[in-house]
Amino acid sequence: MIDLKYLQNNFEEASAKLQKKGVETATLEKLQILFTSLKEANATLESMKAEQNSMSKLFGQYKREGKDISELKAKVDANKEAMVPVQEKAREAEEALYAVALAIPNFPDDSVPEGADEEDNVEQRRVLEPRSFDFKPKEHWELSEINGWIDFERGVKLAKSRFAILKGEASRLERALINFFLDMNREKGFEEYSVPFINNATMLQGTGQLPKFGDDLFKIEDEDLYLIPTAEVPLTNMYNDEILSEKELPLLMTGYTPCFRKEAGSAGRDTRGIIRQHQFNKVEMVAIAHPDKSEEVFDLMVKNASDILTALGLPHRVVELCGGDLGFSAATTIDLEVWLPGQNQYREISSISNTRDFQARRAKIRFKDGKKNRLVHTLNGSALAVGRTIVAIMENYQNEDGTIEIPEVLKKYM
RNA sequence: CGGGAGAUGUCAGAGUGGUCGAAUGUGCCGGUCUUGAAAACCGGUGAGGGUAAUACCUCCGGGGGUUCGAAUCCCCCUCUCCCGGCCA
């Protein structure tokens with residue numbers, strides 16, 4: 001959630017920032033009005049409560065002294081009755097405020113480039129030269145057919161469209177990649193965790209998926225539980241509603257989980273192959289950092305993800321997302337896009353974001369800064385998306401006959 | 001899933017209608033003592049809102065109720081522990 005006090009005191013600046021993300025000023029004006037009316041309602045209610053409290057104290061005193069309480073009782077009853085509508089108003093004001101506030105995206109950093117969509121993202125650098133082929137490289141789903149690696153039909157039979165089965169060497173490659181990623185992350189100081197793949201609504205709200213993006217989640221029937229769309233949710237929320245000590249920061253975490261996404265808005269995109277599935281595996285990095293240090297943690301995470309791709313010999317580019325392409329919770333995001341010769345384009349394989357204090361405010365993650373409690377910064381990034389790495393290996397390591405070489409660093413894992 | 005017990009500050013744990021945001025111990029921070037450390041002793045130390053700062057308001061698992069007044073009484077829910085059932 002954004003800082004409402006900041007919005008109130010610096011309205012022009014705040015609304016200019018959010019314009020980068022396409023939030024209309026009218027929405028923010030509405031939010032500001034709701035915030036003001038909540039404060040007013042609370043002020044009225046609290047003074048009435050104060051009066052009620054002090055009269056109640058008197059009540060006890062009168063009784064002890066054997067005084068007549070009938071007049072006091074009449075006053076206290078009247079005040080109590082008068083409080084009912086005020087209380088209702090305050091409750092409504094709060095509900096109305098949070099309904100709007102929780103749907104406002106994070107402020108982008110000042111450094112974030114202007115732009116409407118991915119067309120306006122800014123390429124920072126390329127790593128590794130794409131290999132030149134003396135034959136026409138195939139797409140991964142064609143290669144899958146030749147090697148019998150992916151069973152799309154039976155995946156659909158088991159669940160529905162956009163579910164697939166990996167077979168034999170492909171399945172072992174997947175397992176090898178997960179281990180390789182976890183080992184690389186651990187070497188950089190990320191502690192490994194194995195977490196629940198189902199989280200409750202409070203946690204989903206903490207990281208920003210709820211309430212606005214409930215349609216993208218698989219919900220467990222009759223339970224307050226959801227399949228996680230990313231390990232960012234459990235890893236970040238491990239510290240939900242906690243106060244950390246400054247010396248334990250930064251907390252660097254990594255974990256492998258499957259990710260479940262309805263992707264309600266993606267009909268028709270990447271329908272062929274395993275680029276976009278309802279279930280995919282991912283190894284995630286999450287960091288909880290001191291607000292003054294989150295920048296360097298962010299750089300570490302970007303470097304780590306890029307180093308993993310380099311170790312695998314996969315050409316990629318580093319792209320800074322523009323305001324319009326930035327996710328809901330992110331203040332700044334770097335995407336790593338891997339080269340897919342079959343598709344003849346770069347495709348996202350990792351997304352690394354600093355959410356600043358946006359998730360921390362929602363999830364109430366703080367640390368002791370001397371005597372005061374301050375919000376931490378939370379960061380997350382893939383290292384890496386496993387399914388898309390398989391696609392990248394297939395397309396980059398293919399031979400003319402359609403067979404696929406296994407990258408050197410993975411051989412000891414298979 | 002059935003039976004029983006419970007949920008209070010970092011943790012342990014007292015508190016059964018007003019004097020309780022809450023004893024005591026522990027942890028943590030600061031100090032005295034010490035060459036230094038430990039021990040001992042002294043002081044400080046929950047969270048959120050509100051304010052220029054006070055005042056003030058809210059929070060004793062969550063929600064509702066009784067009462068002038070609820071950590072304390074009543075109802076519902078969740079979770080934890082023990083016993084049994086089932087089970088990787």
Side-chain angles (χ1 to χ4, degrees), chain A residues 1-10 31-32 34-98 101-102 194-206 210-211 219-226 234 237-249 251 258 288 290 357-376:
Chain A
M1 204 167 74
I2 59 167
D3 183 350
L4 294 176
K5 271 192 218 163
Y6 169 78
L7 177 75
Q8 193 170 49
N9 298 330
N10 310 276
L31 182 64
Q32 199 179 25
L34 289 169
F35 186 49
T36 310
S37 57
L38 174 63
K39 284 179 77 165
E40 280 169 10
N42 273 342
T44 313
L45 178 63
E46 281 178 16
S47 71
M48 290 175 94
K49 276 186 177 170
E51 177 147 7
Q52 189 76 2
N53 287 344
S54 74
M55 284 195 289
S56 285
K57 274 203 180 110
L58 262 188
F59 201 101
Q61 191 186 321
Y62 278 23
K63 273 201 134 170
R64 246 175 285 124
E65 294 168 355
K67 283 190 188 162
D68 177 34
I69 53 165
S70 55
E71 195 184 324
L72 183 63
K73 171 118 166 71
K75 269 170 76 179
V76 113
D77 283 345
N79 189 53
K80 196 182 172 187
E81 203 169 316
M83 229 157 49
V84 172
V86 181
Q87 203 147 18
E88 183 60 18
K89 204 174 148 195
R91 205 189 55 77
E92 279 169 11
E94 186 169 342
E95 219 166 79
L97 174 70
Y98 282 105
L102 286 170
S194 177
V195 293
F197 304 158
I198 295 175
N199 282 193
N200 64 45
T202 305
M203 303 306 128
L204 272 304
Q205 179 172 305
L210 288 179
K219 187 177 190 304
I220 309 290
E221 196 176 5
D222 297 330
E223 302 268 4
D224 179 40
L225 295 170
Y226 299 80
N237 281 295
M238 274 173 40
Y239 296 96
N240 190 297
D241 200 19
E242 292 195 24
I243 300 170
L244 301 158
S245 78
E246 185 173 350
K247 58 172 181 266
E248 49 190 322
L249 301 179
L251 287 160
I288 293 181
H290 190 289
D357 61 11
F358 184 82
Q359 292 179 326
R361 185 172 294 105
R362 287 175 162 246
K364 301 195 270 290
I365 308 174
R366 296 143 293 170
F367 74 100
K368 275 260 179 262
D369 187 15
K371 267 187 125 40
K372 277 203 161 18
N373 296 327
R374 268 175 86 186
L375 295 169
V376 298

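Just so it is clear, the structure is predicted and the values come from calculations on it, not from any experiment. A note on names: the letters A, B, ... follow the listed sequences, proteins ahead of strands, and every chain is numbered from 1.
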Given that both distances must come in under 3.5 Å, which nucleotide forms a Watson-Crick or G-U wobble pair with [N]?
N     : answer
B:G50 : none
B:G27 : B:U45
B:U19 : none
B:A55 : none
B:U66 : none
B:U72 : none
B:A5  : B:U80
B:A40 : B:U32

Figure out the [atom1]/[atom2] separation between [X] and [N], and round it to whole Å.
X        : N     : atom1 : atom2 : answer
A:Asp241 : B:G9  : CG    : C1'   : 13 Å
A:Asn42  : B:U51 : CG    : C1'   : 14 Å
A:Leu225 : B:C77 : CG    : C1'   : 15 Å
A:Lys372 : B:A47 : NZ    : P     : 11 Å
A:Met203 : B:C79 : CE    : P     : 13 Å
A:Glu248 : B:C28 : CD    : P     : 14 Å
A:Asp222 : B:U78 : CG    : C1'   : 16 Å

May I ask you to say what [X] touches in the nucleic acid, namely base, sugar-phosphate or nothing, with a heavy-atom cut-off under 4.0 Å?
X        : result
A:Lys247 : nothing
A:Lys368 : sugar-phosphate
A:Ile243 : sugar-phosphate

Would a 4.5 Å heavy-atom cut-off, applied to side chains only, mark A:Glu242 and A:Tyr239 as touching?
->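 Heavy-atom side-chain distance check passes, below 4.5 Å.
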For the residue pair A:Gln8 and A:Lys39, establish whether any side-chain heavy-atom pair is separated by less than 4.5 Å.
->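 The answer is yes; the side chains approach within 4.5 Å.
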Examine B:G48: is either OP1 or OP2 under 4.0 Å from a nitrogen or oxygen in the side chain of A:Asn373? Give yes or no.
->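 Yes, A:Asn373 has a side-chain N/O under 4.0 Å of OP1/OP2 on B:G48.
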At under 4.0 Å, does any side-chain N or O of A:Arg366 touch on OP1 or OP2 of B:A47?
->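 The answer is no; no side-chain N or O of A:Arg366 sits under 4.0 Å from OP1 or OP2.
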If you measure from the [atom1] atom in [N] to the same atom in [M], how many Å do you get, rounded?
N     : M     : atom1 : value
B:G36 : B:C20 : C1'   : 44 Å
B:G85 : B:G18 : P     : 45 Å
B:G25 : B:C74 : C1'   : 34 Å
B:G4  : B:U10 : P     : 33 Å
B:G6  : B:A12 : C1'   : 15 Å
B:A22 : B:C60 : C1'   : 8 Å
B:A88 : B:U80 : C1'   : 23 Å

For the side chain of A:Lys219 and the backbone of A:Glu223, is there at least one donor-acceptor N/O pair under 3.5 Å apart?
->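 Such a contact is found between A:Lys219 side chain and A:Glu223 backbone.
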Check against salt bridge (Lys or Arg N to Asp or Glu O under 4.0 Å), A:Arg362 and A:Asp357 | CA-CA 9 Å; A:Arg362 287 175 162 246; A:Asp357 61 11; over 6 Å; no
Identify, with sequence neighbours excluded, every residue that meets ring-ring contact (aromatic ring centres under 6.0 Å, His included) alongside A:Phe367.
->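 Partners of A:Phe367 by the ring-ring contact (aromatic ring centres under 6.0 Å, His included) criterion, ordered by chain and then number, come out as A:His290.
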Name all residues meeting the ring-ring contact (aromatic ring centres under 6.0 Å, His included) criterion together with A:Tyr98; count only those two or more places apart in sequence or in a different chain, and write none if there are none.
->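 ring-ring contact (aromatic ring centres under 6.0 Å, His included) check on A:Tyr98 returns nothing, list empty.
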Set of salt bridge (Lys or Arg N to Asp or Glu O under 4.0 Å) partners for A:Glu95, sequence neighbours left out |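 Once residues adjacent in sequence are excluded, the partners of A:Glu95 under the salt bridge (Lys or Arg N to Asp or Glu O under 4.0 Å) criterion are A:Arg91.
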Sequence-aligned protein contact record of nucleotides 54-76 of chain B, with B where the base is within under 4.0 Å of a protein heavy atom and S where only the sugar-phosphate is | --SSS---------BS-------
Residue pairs involving residues 195-206 of chain A (criterion side chain to side chain donor-acceptor pair (under 3.5 Å); sequence neighbours excluded) =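 Listed once each, the pairs would be none.
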What side chain to side chain donor-acceptor pair (under 3.5 Å) pairs are there with at least one residue in residues 41-60 of chain A, not counting sequence neighbours?
->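 Every side chain to side chain donor-acceptor pair (under 3.5 Å) pair that includes a residue of residues 41-60 of chain A, provided the two are not neighbours, is A:Gln52-A:Asn79.
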